[in-house]
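Just below is one structure, and these are the notes that go with it.
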Amino acid sequence: MVMDFSFEAQKTQQRLLSELDFSPLTSQQKTTFISRLETNFQPLFEQVFPLYQHCFDLHFHLKTLLQSFIDFQKKKRPAQIKDKSEFWFESNQNVGIAVYVDLLADDLSSLIDKIPYFESLGINYVHLMPLYLSPEGNSDGGYAISDYRTVSPNLGTNKDLKDLAAALHKKGIRMVLDFVFNHTSDEHRWAEAAKSGDKEYQEYYYFMGEQDAMEYNQTVREIFPQIRRGSFTYLPELDRHVWTTFNSFQWDLNYSNPAVFVAVVEEMLHLILNGCDVLRLDALAFVWKEKGTVCENLPKAHNLIKAFKACLDIAAPQVVFKSEAIVHPDEVNKYIGADECTLSYNPLMMALLWESLATRQTSLLYQSLERSFKIPAHTTWINYIRCHDDIGWLWDDALSDRLGIDGIGHRRFLNQFYTGQFEGSFAAGVPFQENPVNGDCRVCGTLASLAGVETAIAADDPLLLDHAIKRIRVLNGINFAMPGIPLLYQGDDLGVLNNNDYLNDPTKVDDSRWVHRKKLTNDDFALAEDISTPQGKIAQLIREMIQIRKANPLFAAQEFELVSLGSEHLFAFKRQQGDKTLVVIANMSEHLIPLERLPLGKSLSELMGQDTAINLLDKSLIDLPSLNLIEPLDVLWLIKA
Ligand code: GLC
Ligand code: GLC
């Protein structure tokens, strides 16, 4: 029998409504709540049903869930941001930065003093790296959470976080917090209860015997193979294996248990009470597991995330989700949509920009973006060049095959290239998590070090240095101009180089991502102020690009197309709004590249709609018919003169 979802949802909703305690709410709050429920209960029901239909106590869990929303409506949140526009993320005013509280400042209250710095840079979106209670020593940079409701004492108090949110909002800056919901630390109260033998809490995680763990391991990818082989950690006290996709102290939550879903939604509401505007869904590809599968990107992971989204829309509709899916491009895109994540990291473009700098070729970049860049209306890419994590070489191998590129060999080349093991490479990166069996590896390093600044300084070679800075310019010239929100990573705007201090810290030495997680000092800021230094030049070019982007509404244009300029070294695209046009041309090589006639016979003049253009980046006037060459590693932002 086919189920009539709308009828069943209505019936369940009515039953639940009659059982809920609305006494905490004013009648106005009650009306708002019921109207949100009217819109979002059925979507919620449609997602939880496939996940939990076999659970006899589902009604109980749904009731607990709805009651939590009611109680949540009563709680006070920090002052909200003034800009209430629904599609704020489409504006050209958006520029983001990701920062560690204690690496940019000392703690949450001293981070308030950095707001003028954000403002001077033009930032209006700040991702604060995880700041909750987590284990002493190694906590995977805070991604092992022991209590979602408590700020880590070395960063301050919950009140400090709320004060910071209010201070950011006052300046029109949105606050992004992590929602680390695939796992908790092994010190979370649920994990402690599980360790002490509490069966109810053991069911919050994946506890199993050796045989089961071995079976799962057959098909599951290893994320941190240098930490531990397989995806499980043995607990000798209990003689059980617990699922740990990442570090052994990060226990994966068992979402096949509806109690976990409800409990984690409640934690999510606590995060929202801190005043965040965006929740970053950490490691969301891993949240659903089934034996015999890769346990990544499973269809039910989408049911689960859609269920979270329906909860978000009931409780706090002004908050949006950002997806952190660093997986195959087709799978990345599946998390993006009105009923799932509004924002998503763009790991494909990130990886392929680096790929094209190494190869000096843009075909894989073009083909991949042609296939995967388009996402639904009113969803937005978070475009980035570097982040706090490693770079993984993710693209669709069917595309590289078609271009005659062997995926495995090409990834090996890129790893060698970016870790300085390739003759003539400009990059000074560090390998991350080399897999001893299949040779897989990823790359770490700051923007400046990977782009060649470190190597050029060591060689004391002005030409190499010039190229390195131009690489940073061309990467940013694309990143700031593509549709989406550009997201900087702390220190990259200051041209900070790799830092090896982590090698002396036993809690960090095994995780080379710390090479690009440096405590920013006054010296770093001072160097970036001095325009005679490479750091100063980098800081200046980034600031200028941000200013130009923010001053020009074309950077919010939704109409977008990739443009082929007939050279494998060039990358170009066009954005259009009404009769206004922006054409971006980038040369990924260190050579002068001639501009061929466009393949479809369109000239640059035709593309622009006239013969003269202004390059926004240097204000020069360009006669398009006589623009025949693109300078080495140059980038142009052309608009009609
Ligand atoms: C995400 C984070 C990464 C962390 C992992 C586990 O990928 O970005 O830093 O190690 O999730 O939480
Ligand atoms: C993420 C990714 C992986 C990344 C890691 C953090 O979830 O899937 O590629 O490197 O976690 O390092």
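Just so you know, these numbers use all the heavy atoms, side chains as well, and skip hydrogens, waters and symmetry mates. For ligands, and for the atoms within them, numbers begin at 1 and follow the listed sequence.
- Of the candidates Trp251, Tyr205, Trp190, Tyr205 is the only one forming a side chain to side chain donor-acceptor pair (under 3.5 Å) with Thr184.
- Lys291 forms a cation-pi arrangement with Tyr216, by the criterion of a distance under 6.0 Å to the ring centre and an angle within 45° of the ring axis.
- With hydrogens and angles disregarded, no donor-acceptor distance shorter than 3.5 Å links the side chain of Ser449 to the backbone of Thr446.
- Close approach to Arg280 involves these atoms of ligand 1, each under 4.0 Å from a residue heavy atom: 2 (C), 8 (O).
- Put simply, no part of Met129 is less than 4.0 Å from ligand 1, judged by heavy atoms.
- The Arg513 neighbourhood of ligand 1 comprises atoms 3 (C), 4 (C), 9 (O), 10 (O), with distances under 4.0 Å to a heavy atom of that residue.
- Nearest-heavy-atom check against atom 5 (C) of ligand 1 across Phe224, Tyr345, Phe246, Phe181 picks out Phe246.
- Counting the atoms of ligand 1 from 1 in the order shown, those under 4.0 Å from a heavy atom of His388 are 2 (C), 3 (C), 8 (O), 9 (O).
- For Arg442 and Trp393, the positive end is not near the middle of the six-membered ring at less than 6.0 Å and at most 45° from its axis.
- A salt bridge does not link Asp106 to Lys114: none of the charged nitrogens lies less than 4.0 Å from a carboxylate oxygen.
- Near Asp389, meaning under 4.0 Å from one of its heavy atoms, ligand 1 places the atoms 1 (C), 2 (C), 3 (C), 7 (O), 8 (O), 9 (O).
- With hydrogens and angles disregarded, no donor-acceptor distance shorter than 3.5 Å links the side chain of Asp282 to the backbone of Asp178.
- Under a 4.0 Å criterion applied to the non-hydrogen atoms of His183, ligand 1 contributes the atoms 6 (C), 12 (O).
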